[in-house]
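A short worksheet on the structure shown next.
Numbers restart at 1 for each chain; the letters A, B, ... are given by sequence-line order, proteins then strands.
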Protein chains: 2
Amino acid sequence: MSQTDTVSRILDAAEVLFAERGFTETSLRTITSTAGVNLAAVNYHFGSKKELIQAVFERFLTPFTQTLADELDRRVTAGQAVTVEGLLESLYRVGMGSLAAQGRDPQRFMRLLGLAYTQYQGHLRRFIVSRYGDSYRRFAGLLAQALPGLDPVTFYWRLYFMLGATIFTLSSFDAIEAILREDFGAESSLPETLERLVPAAAAMLKVDAD
Amino acid sequence: MSQTDTVSRILDAAEVLFAERGFTETSLRTITSTAGVNLAAVNYHFGSKKELIQAVFERFLTPFTQTLADELDRRVTAGQAVTVEGLLESLYRVGMGSLAAQGRDPQRFMRLLGLAYTQYQGHLRRFIVSRYGDSYRRFAGLLAQALPGLDPVTFYWRLYFMLGATIFTLSSFDAIEAILREDFGAESSLPETLERLVPAAAAMLKVDAD
DNA sequence: AACTGTTTTAATCGTTGGTTTAAATCTGTA
DNA sequence: TACAGATTTAAACCAACGATTAAAACAGTT
């Protein structure tokens, strides 16, 4: 088994288990036995459990933010006005597409993102902000441009409302979908849900202040 | 120290610590030493850590749902049409008021609610659904009535979008507020934020399907 | 084939967790 | 004041955790 093999097997197993149960509830023993590698491999290759957690986030956030940056470049240089709906579509399409292209599950990353916000892991928040804060500010800046006349504080609160609706819904997608299927017999796919989310979130961002 | 004293001291400490760090990350030793009671008191009075977690939720959800039911009764029997904005205002006012009346912190309960959704605690989700599912369905039913013509599946997804925006934002209120204060020098209170949230969430729920 | 640095392995360390126990203490009642 | 049940206490139990170690196995180079 080559080194890269062991490293990626650990990352694969950790990604799935962290998303399912959270960080503290997932032991290194569970991760390594799922991955089929020795317990000591995590400390050998990553140093510590904390650094493993960061590596899991790095592996999906780096290509995600890179692809999003390209997508935003394309929209901006296209010359035409950047709309709220267009930006949300870009965000969701990149989240779906760039990850699905790697054969990875988009919902899993939403769950991980949700955990990054809610779990008590100071090091993780610091890691994400320092590494991906620029991408976040770029997107927020473009969205603010698409909403002229909105005062900055109101805009930022609504940005968090939008993030909350997105992360909360998609990270619990399976559970919500199961409830709707049971109550209405109607299946919902992730792309369908994102199509519902774009106009809803856009309306929330755009509503006139009163 | 009387029994009720010990029990409520444990609940007080557990409530704060759970909201700060999550369930797994908070040990019974931390809880009992914060509360100034013996370690064994938790198992003596509650049976186990799981049952303590449920008791923390019961102590704030029971008065909350009770007050909300009274508030909804008042709105319905008043005769006039029940509006989306009115229902959201009721929800938020009860969340703020009925808890603040007990001298307890509303944001803390939002964090706990967020944890109930995101943390890996199957027993807690089952407990809440079985105990408070009726209250949830009552509110959702009235909200659906206030949105005639919206197909049920779209309505339910938007209901979750609204819950996500609310729970996510308010459970991270302190962190978000700190960022906004640093960037804009503008302070936001919780009531102000709820005043921003009502029209934004209402617009999201009411936007025409396309 | 012999050597060298890298990786894997099994075993162990020290710590912390939830829970249990039995004795001590308290509280209310007769 | 003496008794009975409820509560509190200090101590211990045992399982699980992250981390470390030294030896074994491996891979690439000469």
Residue-level proximity of residues 21-30 of chain B to DNA chain C when a heavy atom falls under 4.0 Å: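 Correct list: B:Thr26, B:Ser27, B:Leu28, B:Arg29.
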
To the nearest Å, give me how far apart [atom1] ([X]) and [atom2] ([N]) are.
| X | N | atom1 | atom2 | answer |
| --- | --- | --- | --- | --- |
| A:Tyr44 | C:dA10 | OH | P | 17 Å |
| B:Arg9 | D:dT8 | CZ | P | 11 Å |
| A:Asp5 | D:dA27 | CG | P | 12 Å |
| A:Asn43 | D:dA19 | CG | C1' | 5 Å |
| A:Phe46 | D:dA19 | CZ | P | 13 Å |
| B:Lys49 | C:dT19 | NZ | C1' | 12 Å |

From the candidates C:dT19, D:dG18, C:dT20, the one with an atom nearest any side-chain atom of B:Leu39 is C:dT19

Checking contacts here: which listed nucleotide (D:dA19, D:dT9, D:dA6) is nearest the side-chain heavy atoms of B:Asn38? D:dT9

Taking salt bridge (charged side-chain N to carboxylate O under 4.0 Å, His left out) as the definition, give me every residue that meets it alongside B:Asp134, ordered by chain and number, with sequence neighbours left out.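 In terms of salt bridge (charged side-chain N to carboxylate O under 4.0 Å, His left out), with neighbours along the sequence ignored, B:Asp134 is linked to B:Arg137.
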
Just by distance, no angles: are the side chains of A:Trp157 and B:Ser188 close enough, under 3.5 Å, to form a donor-acceptor pair?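 B:Ser188 and A:Trp157 do have a side-chain donor-acceptor pair below 3.5 Å.
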
Taking only side-chain N and O atoms of A:His45, does any of them lie within less than 4.0 angstrom of OP1 or OP2 on C:dT6?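 No, no such contact exists.
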
Is the phosphate of D:dT8 approached by B:Thr6 (side-chain N or O, under 4.0 Å from OP1 or OP2)?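 Yes, within the criterion.
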
Are B:Tyr117 and A:Phe168 near enough that their ring centres are under 6.0 Å apart?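 Aromatic pair counts; centres sit under 6.0 Å.
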
Would you kindly compare A:Ala41 and B:Lys50 by the position of their nearest DNA chain C nucleotide and give the one closer to the 5′ end?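 Going by which nucleotide is closer to the 5' end, it is A:Ala41.
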
Please give me the minimum heavy-atom distance between B:Thr32 and B:Asn38, naming the atom from each residue.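 Here B:Thr32 and B:Asn38 meet closest at CG2-O, 3.6 Å.
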
Salt-bridge present (B:Arg111, B:Asp105; N to O < 4.0 Å):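 Result for this pair is no, no salt bridge flagged.
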
Side chain to side chain donor-acceptor pair (under 3.5 Å) pairs, two or more places apart, involving residues 13-25 of chain B: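 Only A:Thr24-B:Glu25, A:Glu25-B:Thr24, B:Glu15-B:Arg59, B:Glu15-B:Arg104, B:Glu15-B:Arg108 qualify under side chain to side chain donor-acceptor pair (under 3.5 Å).
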
Parallel, tilted or perpendicular for B:Phe57 and B:Phe23, by the 30°/60° rule? tilted

